[in-house]
There are 2 protein chains.
Amino acid sequence: MSDRNGKKSDIISVAKAARVSPSTVSRYFNHPELLKLTTRRRIEKAVRKEGYIRNRAAQTIHGIRSGTIGVLVPTIDHTIFAEVVQAFSDAVAEEGFTILLASHGYDPQREYAILRKFLEHRVDGIALTGLDHDEAVFQLIESQDVPTVMMWNYAAESLYPSIGADNELAGQMISQHVLALGHRAVACLFAPGAGNDRAKARSRAILNTLAAAGVVVPQDWQLTTVYSVSESKRQAFELFSNARRPTALICGNDILATGAIYAAARAGLKLPDDISIVGIGDFKGSSEFEPGLTTVRLPARRIGRRAGMTLAAAIKDPDADRTGAHCAPELVIRGSCRAI
Amino acid sequence: MSDRNGKKSDIISVAKAARVSPSTVSRYFNHPELLKLTTRRRIEKAVRKEGYIRNRAAQTIHGIRSGTIGVLVPTIDHTIFAEVVQAFSDAVAEEGFTILLASHGYDPQREYAILRKFLEHRVDGIALTGLDHDEAVFQLIESQDVPTVMMWNYAAESLYPSIGADNELAGQMISQHVLALGHRAVACLFAPGAGNDRAKARSRAILNTLAAAGVVVPQDWQLTTVYSVSESKRQAFELFSNARRPTALICGNDILATGAIYAAARAGLKLPDDISIVGIGDFKGSSEFEPGLTTVRLPARRIGRRAGMTLAAAIKDPDADRTGAHCAPELVIRGSCRAI
DNA sequence: AATAGTTTTGCAAATGTTTTCATAAATTGC
DNA sequence: GCAATTTATGAAAACATTTGCAAAACTATT
């Protein structure tokens with residue numbers, strides 16, 4: 001096939017090979033129905049022979065869409081973001097878009113810099129994680145007015161369509177469940193809130209809900225740990241080693257809960273008899289523990305898919321419905337938490 | 001700032017605002033050292049005032065690099081690929097590249113289609129997963145001669161630089177370890193090999209190594225299951241429920257091993273006394289089980305980082321060293337496997 | 001104050017497409 | 001078999017940049 005004898009082939013070399021004008025080749029790709037069947041065939045053959053591949057960069061400077069969407073997540077290698085990205089990518093791929101992916105590691109500065117880079121590439125749309133961003137980020141989006149969605153965290157009054165779960169609600173749900181089961185001695189294991197509005201919303205809601213029911217979490221039972229099984233295991237183990245132990249431990253997400261479960265095993269505590277542990281997220285695998293983890297499901301795949309579809313629609317039709325969507329969290333009761 | 005009064009700003013509007021010619025603005029970005037300090041200042045101000053963002057598409061048609069790298073993985077939401085992608089992305093970001101990411105779901109047809117799309121975007125380089133690809137894929141890369149690396153699986157004689165672990169070796173190592181501990185009644189739980197040379201290499205090596213030691217794995221102890229904790233849990237549970245049980249179960253990867261560990265717990269088997277379970281991968285969290293999972297570490301982050309650096313170097317300097325690299329697997333002995 | 005040399009800037013052509021408008025070719029109606 | 005349509009193709013301008021070359025603006029030297 002493609003016998004590129006030397007230089008890269010462009011639309012002109014194809015035109016020569018097919019003995020038509022460059023415009024006709026352009027039409028072959030963009031409005032094939034305008035061409036006579038025979039010329040279409042001729043061009044098709046020439047394209048194959050030359051091994052020609054369309055140049056989107058050249059199209060893009062004509063104001064034609066670049067076919068790319070910039071996706072910005074805190075980090076790719078957390079199950080939950082990986083799932084969102086996968087679902088998002090699949091959804092927009094169906095509409096012909098390819099994603100530019102980058103991670104900022106919870107650094108607002110980096111987020112701004114990456115966003116600029118996306119815009120240099122003239123992405124057709126942007127998907128950010130969370131609602132909380134640097135003022136400069138919002139200004140940039142505003143000034144370039146490129147379609148944007150905010151994934152993961154939902155808030156009705158958001159400036160841009162937000163598609164995700166209400167993390168405050170999730171925190172509320174899990175603590176209400178724990179309270180309903182009669183727990184009063186409750187400890188918490190949170191992810192750090194810096195640059196992470198999801199984590200912040202959850203911890204806030206959890207503590208408020210408990211407080212509203214008259215349950216005060218003592219300072220030394222409010223643990224904070226980075227997103228890591230080993231770290232949370234260490235901290236939870238320490239907690240479990242104290243003389244006075246909580247009857248329930250609420251974790252800010254399932255990864256932290258996973259660490260806590262292992263810590264319990266190591267401390268010789270049986271779930272749920274000796275201690276109840278709950279999480280938030282319902283990550284892949286959370287259902288498979290023995291006993292399964294009681295948690296609040298945040299529908300990552302649904303969020304990613306929905307966000308992708310909304311953004312693609314907004315790009316293709318500027319007047320499309322740009323309202324966000326709440327992908328409701330859902331209490332998933334398994335065996336890791338019992339009534340007292 | 002950026003008070004875009006209407007239309008998007010281009011290099012010409014900036015030039016007007018700074019009272020210089022467009023060429024000078026272009027030089028401001030590409031060869032600032034050629035400009036007088038005062039004009040540089042003037043342009044800087046104009047750029048800010050106009051909210052101008054460079055247009056990489058327009059640069060790209062001048063043969064200038066696009067600054068993008070196409071990354072193609074089977075799926076994003078497997079821990080292991082997420083880690084590789086994260087490390088890869090970080091590495092190339094340092095060199096100014098942004099990644100175009102897509103997943104093919106183990107479908108060779110889709111891989112080809114995505115690759116074409118990458119090339120339409122004029123990516124500066126390509127990173128594929130695994131060594132085994134459709135002939136058309138190789139032809140395409142060949143014809144466009146764009147720098148390419150193959151990640152994840154290592155083979156010395158590969159046509160393109162391959163950066164990864166020797167999966168065959170990994171399989172060999174884990175089975176040798178199991179054999180050395182005296183196990184003879186060994187079962188296996190593999191991932192499907194279709195479109196997945198990593199999985200294929202591992203299963204092959206495991207069975208061969210066992211056979212070489214005179215251990216034959218009966219047909220009904222050779223289980224195959226998709227990459228999923230719940231599926232492998234189901235299958236392993238079934239295996240454990242039979243009257244005749246193996247003393248050791250070798251799993252094709254840590255996810256499958258995770259399922260098997262849960263299955264053992266449900267079946268009331270204690271690790272490692274009642275059954276030994278080992279995996280391959282050393283995924284995040286594998287060390288935290290109680291007891292920890294004995295496995296062979298495939299250094300995902302190192303692979304991703306190294307692959308990114310190699311590719312970036314190959315792009316920037318066509319004569320750069322393009323040999324692959326073997327990121328050696330490493331036996332990690334924890335508590336899930338005991339001597340018999 | 002004039003010259004030579006150097007630094008800085010602008011002009012115009014080039015890049016690979018798309019698109020508008022005009023023209024040529026094919027088809028239809030009589 | 002000719003005019004009137006309709007359909008298919010080409011020429012040229014446009015898109016947002018970069019770059020080679022030449023002109024202009026400075027500096028330094030006398």
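Reminder, nothing fancy here: chain letters follow the sequence lines and each chain counts from 1.
For the residue pair Gln59(A)/Asn55(A), the side-chain donor-acceptor check at 3.5 Å is not satisfied. Counted by atom type alone, Ser21(B) and Thr24(B) present one or more donor-acceptor pairs between their side chains at under 3.5 Å.
As rounded to whole Å, 12 Å separates atom C1' of dA14(C) from atom CD1 of Ile64(B). With rounding to whole Å, Asn30(B) atom CG is found 15 Å from dT9(C) atom P. In this structure, the OH atom of Tyr28(B) is 14 Å from the P atom of dT17(D), given to the nearest Å. Atom pair Phe29(A):CZ and dT17(C):C1' shows a separation of 11 Å (rounding to whole Å applied). Distance, Gln59(B) CD to dG16(C) C1': 15 Å, rounded to whole Å.
The structure places CG of Asp134(B) at 9.0 Å from CD of Gln139(B), a figure rounded to the nearest 0.5 Å.
Taking the six-membered ring for Trp and thresholds of 30 and 60 degrees, His326(B) and Tyr154(B) have nearly parallel ring planes, at less than 30 degrees apart. Ring pair Phe29(A)/Tyr52(A) is tilted by interplanar angle, where 30° to 60° counts as tilted.
In terms of the salt bridge (charged side-chain N to carboxylate O under 4.0 Å, His left out) criterion, residue partners of Lys200(A) (sequence neighbours excluded) are, by chain and number, Asp132(A).
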Each nucleotide of nucleotides 7-16 of chain D classed B (base within 4.0 Å of a protein heavy atom), S (only sugar-phosphate) or -, in 5' to 3' order, makes -SBBBB-BBB
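In this structure, His31(B) reaches the dT19(D) phosphate: one of its side-chain N or O atoms is under 4.0 Å from OP1 or OP2.
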